[in-house]
Amino acid sequence: PPAPATPIVVDAFDAVDGWTAQPADGVEMTLTTEPGESGEALRVDFRFVKGGGYAVLHRVLDLDLPENYRFTFRVRGDCAPQNLEFKLVDSSGANVWWRNQRDFAFPREWQTVTIRRRQVEFAWGPAGGGALRHVAALEIAITAGSGGRGTVWLDQLELTPLPVPATWAFVKVSGAA
């Protein structure tokens with residue numbers, strides 16, 4: 001099979017610029033940078049004051065998706081297991097596709113998280129499903145699994161176009177007799 005194309009750096013996380021903290025009521029959240037594995041990394045400090053909730057990092061994008069792809073990013077954390085949600089939002093802002101990893105054990109050392117197209121599912125919205133072709137916003141959410149407080153670091157978010165598997169090929173049947 002052909003090799004994947006060159007990755008596109010969506011965000012190197014060298015600055016907080018472009019990211020906004022959108023925590024739930026009862027959740028404290030701060031975004032800063034500090035040295036990462038490659039340049040700077042985005043540091044997310046959170047505290048689930050009431051035991052539950054979410055800490056969402058939101059970034060507006062203008063990103064066309066290839067037919068097949070994978071997202072990768074580097075992560076490490078100092079916290080109990082929490083849910084890690086990776087969300088892609090369309091231009092209406094009402095339709096969301098996601099990968100929800102429940103009880104994600106954030107590693108103490110840097111680790112690559114890989115999210116392939118086949119792992120991204122329609123989550124909610126009036127579109128009711130279908131393939132997402134254009135991303136207008138991206139969110140990374142830490143939602144209370146174990147609750148408490150913690151710190152998560154993110155580095156090097158990339159999108160890599162991948163070859164389309166042969167099983168996706170459309171077979172045209174002509175002239176049945």
Side-chain angles (χ1 to χ4, degrees), residues 7-63 65 69-91 93-117 119-125 132 135-160:
I8 300 160
V9 177
V10 177
D11 197 311
F13 292 113
D14 286 335
V16 175
D17 299 348
W19 291 96
T20 57
Q22 298 181 346
D25 289 338
V27 177
E28 296 172 352
M29 178 182 183
T30 58
L31 304 179
T32 56
T33 57
E34 63 181 47
E37 195 174 49
S38 172
E40 296 293 302
L42 186 62
R43 178 182 170 145
V44 183
D45 292 291
F46 61 91
R47 183 167 81 101
F48 299 115
V49 177
K50 297 180 181 178
Y54 53 83
V56 175
L57 294 87
H58 179 89
R59 180 180 170 99
V60 173
L61 288 179
D62 182 11
L63 181 65
L65 294 176
Y69 58 84
R70 76 170 167 244
F71 282 96
T72 57
F73 58 94
R74 302 287 287 163
V75 66
R76 72 183 183 94
D78 182 11
C79 61
Q82 309 293 341
N83 300 327
L84 177 62
E85 301 173 1
F86 182 85
K87 301 178 191 176
L88 304 173
V89 184
D90 74 0
S91 58
N95 296 293
V96 177
W97 286 256
W98 71 346
R99 166 86 163 120
N100 185 1
Q101 298 178 74
R102 298 194 186 282
D103 299 317
F104 185 83
F106 288 89
R108 297 277 181 177
E109 301 298 323
W110 288 106
Q111 176 181 307
T112 300
V113 172
T114 300
I115 300 169
R116 297 181 179 278
R117 178 182 180 253
Q119 296 171 309
V120 176
E121 301 174 334
F122 182 75
W124 60 82
L132 178 64
V135 178
L138 185 143
E139 294 181 345
I140 298 173
I142 302 160
T143 63
S146 301
R149 66 172 57 216
T151 302
V152 170
W153 292 265
L154 301 165
D155 206 356
Q156 207 61 25
L157 173 61
E158 298 179 341
L159 169 66
T160 304

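Scope of the values below: all heavy atoms of this structure, side chains included, with no hydrogens, waters or symmetry mates.
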D11 CG to L154 CG distance, which is reported to the nearest 0.5 Å: 9.5 Å
Answer yes or no: is there a donor N or O on one side and an acceptor on the other, between the side chain of N83 and the main chain of D103, under 3.5 Å? yes
Can you name the closest pair of heavy atoms from P7 and E158 and give their distance? CB-OE1, 3.5 Å
Give me the ring orientation class for F122 and W97: parallel if the planes are under 30° apart, tilted from 30 to 60°, perpendicular past 60°. perpendicular
Is the side chain of Q156 donor-acceptor paired with the backbone N or O of F13 at a distance under 3.5 Å, no angle test? no
Under the ring-ring contact (aromatic ring centres under 6.0 Å, His included) rule, collect the residues that match up with W110, sequence neighbours excluded. none
Where do S91 and A136 come nearest, in terms of heavy atoms and distance? CA-CB, 3.5 Å
Report the distance from atom CG of L63 to atom CG of L138, rounding to the nearest 0.5 Å. 8.5 Å
Looking only at non-hydrogen atoms, find the nearest pair between P81 and S146 and report the distance. O-OG, 2.8 Å
Y69 and I8: CA distance, side-chain angles, deciding distance, side-chain contact (heavy atoms from CB on, under 4.5 Å) verdict: CA-CA 11 Å; Y69 58 84; I8 300 160; over 6 Å; no
Closest non-hydrogen atom pair, G53 against A24: CA-CB, 4.3 Å
Where do T20 and V56 land on the side-chain contact (heavy atoms from CB on, under 4.5 Å) test, with the steps shown first? CA-CA 8 Å; T20 57; V56 175; over 6 Å; no
Tell me whether D155 contacts the main-chain N or O of G36 through its side chain, where contact means a donor paired with an acceptor under 3.5 Å. no
Where do L84 and Q82 land on the side-chain contact (heavy atoms from CB on, under 4.5 Å) test, with the steps shown first? CA-CA 6 Å; L84 177 62; Q82 309 293 341; over 6 Å; no
Looking only at heavy atoms, which two atoms of A55 and F46 are closest? And how far apart? CB-CB, 4.1 Å
Drop me the distance from T114's OG1 to R116's CZ, to the nearest 0.5 angstrom. 6.5 Å
Measuring from atom CZ of R74 to atom CD of E37, what distance do you get when rounded to the nearest 0.5 angstrom? 4.0 Å
Mind telling me whether F106 and F104 have parallel, tilted or perpendicular rings, with 30° and 60° as the class edges? perpendicular
Might you point out which heavy atoms bring F71 and V10 nearest each other, and give the distance in Å? CE2-CG2, 4.3 Å
Roughly how far, to the nearest 0.5 Å, is the CD atom of E85 from the CG atom of L57? 12.0 Å
Residues in side-chain contact (heavy atoms from CB on, under 4.5 Å) with E28, at least two apart? R47, V49
Partner of T72 under side-chain contact (heavy atoms from CB on, under 4.5 Å), picked from L157, T112, V113, I115, is T112
Residues which pass side-chain contact (heavy atoms from CB on, under 4.5 Å) with R43, listed by chain and number, not counting sequence neighbours: T32, E34, D45, T151, W153
Taking the side chain as every heavy atom from C-beta outward, state whether V60 and H58 have any atom pair closer than 4.5 Å. yes
Under the 3.5 angstrom rule, does the side chain of T33 hit a backbone N or O of D14 as a donor-acceptor pair? no
I'd like to know if the side chain of E121 and the backbone of W98 have a donor-acceptor N/O pair within less than 3.5 Å. no
Gap between atom CG of L132 and atom CZ of R117 - 0.5 Å precision: 9.5 Å
side-chain contact (heavy atoms from CB on, under 4.5 Å) for L31 and V44? Distances and angles first, verdict last. CA-CA 5 Å; L31 304 179; V44 183; 3.8 Å; yes
